Amino acid sequence: MGGMKKLLSRTLKPILLYALLVSVLSIPVYFFIIDFIWVRELDKHHFAIKRKIENRINALNLSDSTIRQTVAILNRTEPGFVLTPIELAGRDSVYSHIRFDTFMQDREQFRSLVTFIRINNRPYRLLIETNMEEIDETILAISAVSLVFFGLLLAGFIVLNRRMSLRIWQPFYVSLKKVKSFHLQQGQPISFEKTEIVEFEELNESLRKLIDGNIATYRQQKEFTENASHELQTPLAIVRSKLDVLLQNEDLTAQQGEQIELANRALARVSRINKNLLLLAKLENHQFADQERIDLSQLVTDQIELFLENVVDQKLEIRQQIQTGIEREGNRILIEMLFTNLLLNAIRHNHANGAIDIRLTANRFLVSNVGSAALHPDALFKRFSTASSKTPGSGLGLAIVQEISNRYGWEISYAFEANRHVFSLAF
Amino acid sequence: MKILIIEDERDLAVSITDYLSGEQYLCETAATYHQALDKISSYQYDCILLDLMLPGGDGIEILAELKRQNKQDGVIIISAKNSFEDKIKGLQIGADDYLTKPFHLPELAARIYSVIRRRHFGNANPILQQGLEIDVLAKTVSVNNQAVLLTRKEFDLLLYFMGNKNRVISKSALAEHLSGDLADLFDNHDFVYAHIKNLKKKLTEAGYGNFLKTIYGTGYKWEV
């Protein structure tokens, strides 16, 4: 999850990168455009000056000597151009160059025009120069401006993105929250808020269909289990009653009697599995709603007594440490079943001559028995995962333990320590 | 003693009739809601076995009808529903007992015996049988006025046999009666044997005749 980003920051990043790219690219573009316009204007201006000088001096109709004096004075006084008499007119040329300017006492960039005019029919070379901004300074200024605008874009994007996205995506987050808090077991369909955005409405509609379908399937499955178990009770009752009647037959041999006893035992196992399945279905259906305060200390003590009472001629050593006065809120039938199953499990799977440890403290119940190898903790609490011919349980005992624990927010865990299977219930 | 079996599963009704008929009980059956209503209105029964899910109506209504007619028949609900609420509801309306399917017939017989005894004689009256006296309320047993100390399990067993005289009872049925869901705690039902052995021993030591017979390979029988 560490590498994941939120939707909002994800959309912002490429936009910002693009804005940065455009800003950077705009710097040379601006420069070339400004430079191009400037140079073109200066050149136009220079040619205009050239024509003005040529026209105005010629219009004075001065003598050659006066012209020479005037040109000399102009060269000395007028900034920006130099007239030089030459023998032969050349071709015009325009160029930019940087040189040290004595007046500005600095390096300056100039745009120059070298052209040729005729005054009194004598050719002159005319150099016109205009100071312009240096390239580096122009680029610097443009960069600075771009940077400022990029900063404005950045701030604007972040603020706008946050505001707009939050508003636009709000229905999405609302739906997400609802889907997150949805529990199939509760069977409550989600009611999504109406949104004006088509995609979200479609999303909600699809989710609604998906969830309704799931709820229906789940309900059917639960009902199936419950109905199937119910339906099985009657034929089981018939088989059992037929065996009981069959046993009354006076011609029955001992061997036949034993067969009936074996059938009876298998039948008892089927009945128990069926009963437990029914119980699980009911647990999932959230029946057993009534709550009462239950003295767990008393309950555990009673159960241990009950177990000991039922074990005649069979060694069962139980070491118990029961703290008194431990109480919890719950349904008596379920809580009893929870503890019975845990104790039963320990007794059933205990090694011969091993003691069973039972400990009840303020917020924990521990039961452990001797075992040879660690069990698979994940499979342990799944339905039918532990049933085998060696362990004639229903394969549902621990699944029921887990289900009841979940219901009360208690936590059941398993560990294999010092050759003992330890089940720990934190409540 | 007249028993009415209200049960739509014919096979089950037949089994119950087969098991109960004989020395003490006369069984009649009703397979639908209306048949059952007819019978309870016309006759008096010592005990009615009532299945709740019947073609034509709800068994609970029959119970209510019995109350309306102020009938004194004992009622045991036999239902495939094992819900606590159903049990409470049935007992509140006036059923004497509630037995969940699938049950062992000896268990049913023991319950019927108990209901009829309570209805006819009240629990204060002891069960008497050839010198044996069982006080159900005080949970004490005496042979020829000589007290016999029984454990709770042994006492339970004795009562169970009283309700199933001359019937062979399987070890499975006894195990389930004694330990309920804990019956399958161990792979064998030797604890049943242990309890029976102790009960037999105590009765014999008190000088009581050997009525409790072991049927080899099958189970046990209280023979009178």
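Every chain is numbered from 1 and lettered A, B, ... according to where its sequence line falls, protein lines coming before strand lines. In this text the structure is predicted, and so the values were computed from the model without any measurement.
Counted within 6.0 Å of NZ on B:Lys201, heavy atoms from surrounding residues, nucleotides or ligands total 12 or fewer; the atom is thus considered open. Counted within 6.0 Å of CZ on A:Arg328, heavy atoms from surrounding residues, nucleotides or ligands total more than 12; the atom is thus considered enclosed. Around atom CD of A:Glu327, more than 12 heavy atoms belonging to other residues, nucleotides or ligands sit under 6.0 Å away. Around the NZ atom of B:Lys165, the shell of radius 6.0 Å holds more than 12 heavy atoms that belong to other residues, nucleotides or ligands. Annotation for A:Arg319: atom CZ counts as buried by contact number, over 12 foreign heavy atoms lying within 6.0 Å. By the 6.0 Å contact criterion, CD on A:Gln291 is enclosed, its count of non-hydrogen atoms from other residues, nucleotides or ligands being greater than 12.
With a 4.5 Å cut-off on non-hydrogen atoms, A:Ile260 does not touch chain B at all. Both the backbone and the side chain of B:Lys101 come within less than 4.5 Å of a heavy atom of chain A. For B:Ile169, the part lying near chain A is the backbone, with the side chain staying farther off; criterion is any non-hydrogen pair under 4.5 Å. Looking at B:Tyr216, the atoms closer than 4.5 Å to chain A (heavy atoms on both sides) sit in the backbone and in the side chain alike.
Note that OG of B:Ser179 and CG of A:Leu306 are 8.0 Å apart. Values are rounded to the nearest 0.5 Å. The line from CG of B:Leu12 to CG of A:Leu236 is 11.5 Å long, rounded to the nearest 0.5 Å. Put simply, OG1 on A:Thr234 and CE on B:Met53 are 6.5 Å apart, with the number rounded to the nearest 0.5 Å.
Electrostatic pairing of B:Glu176 and A:Arg272 does not count as a salt bridge here, judged by no charged N lying under 4.0 Å from a carboxylate O.
The stretch residues 91-98 of chain B places none of its residues near chain A, where near means some heavy atom under 4.5 Å from a heavy atom of that chain.
Closest approach of B:Asn166 and A:Gln248 over heavy atoms only: O-OE1, 4.4 Å. In terms of heavy atoms, A:Lys242 sits closest to B:Asp11 at NZ-O, 3.1 Å. Between A:Gln233 and B:Pro102, the closest heavy-atom pair is OE1-CD, 3.5 Å.
Side-chain contact between A:Asn264 and B:His104: present, with at least one pair of heavy atoms (C-beta onward) separated by less than 4.5 Å. Residues A:Asp244 and B:Ser170 form a side-chain contact, since some pair of their non-hydrogen atoms from C-beta on lies under 4.5 Å apart.
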* Dump the intermediate steps for side-chain contact (heavy atoms from CB on, under 4.5 Å) on A:Arg240 and B:Phe103, then the final yes or no. => CA-CA 7 Å; A:Arg240 189 171 260 197; B:Phe103 47 78; 5.5 Å; no
* B:Thr218 and A:Glu258: CA distance, side-chain angles, deciding distance, side-chain contact (heavy atoms from CB on, under 4.5 Å) verdict -> CA-CA 6 Å; B:Thr218 308; A:Glu258 269 166 26; over 6 Å; no
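Of the residues considered (B:Asp18, B:Thr100, B:Val168), B:Val168 shows the highest number of contacts with chain A, using heavy-atom pairs under 4.5 Å. Listed options B:Ser79, B:Ala13, B:Ser15, B:Gly219 were ranked by heavy-atom pairs under 4.5 angstrom with chain A; first place goes to B:Ser15.
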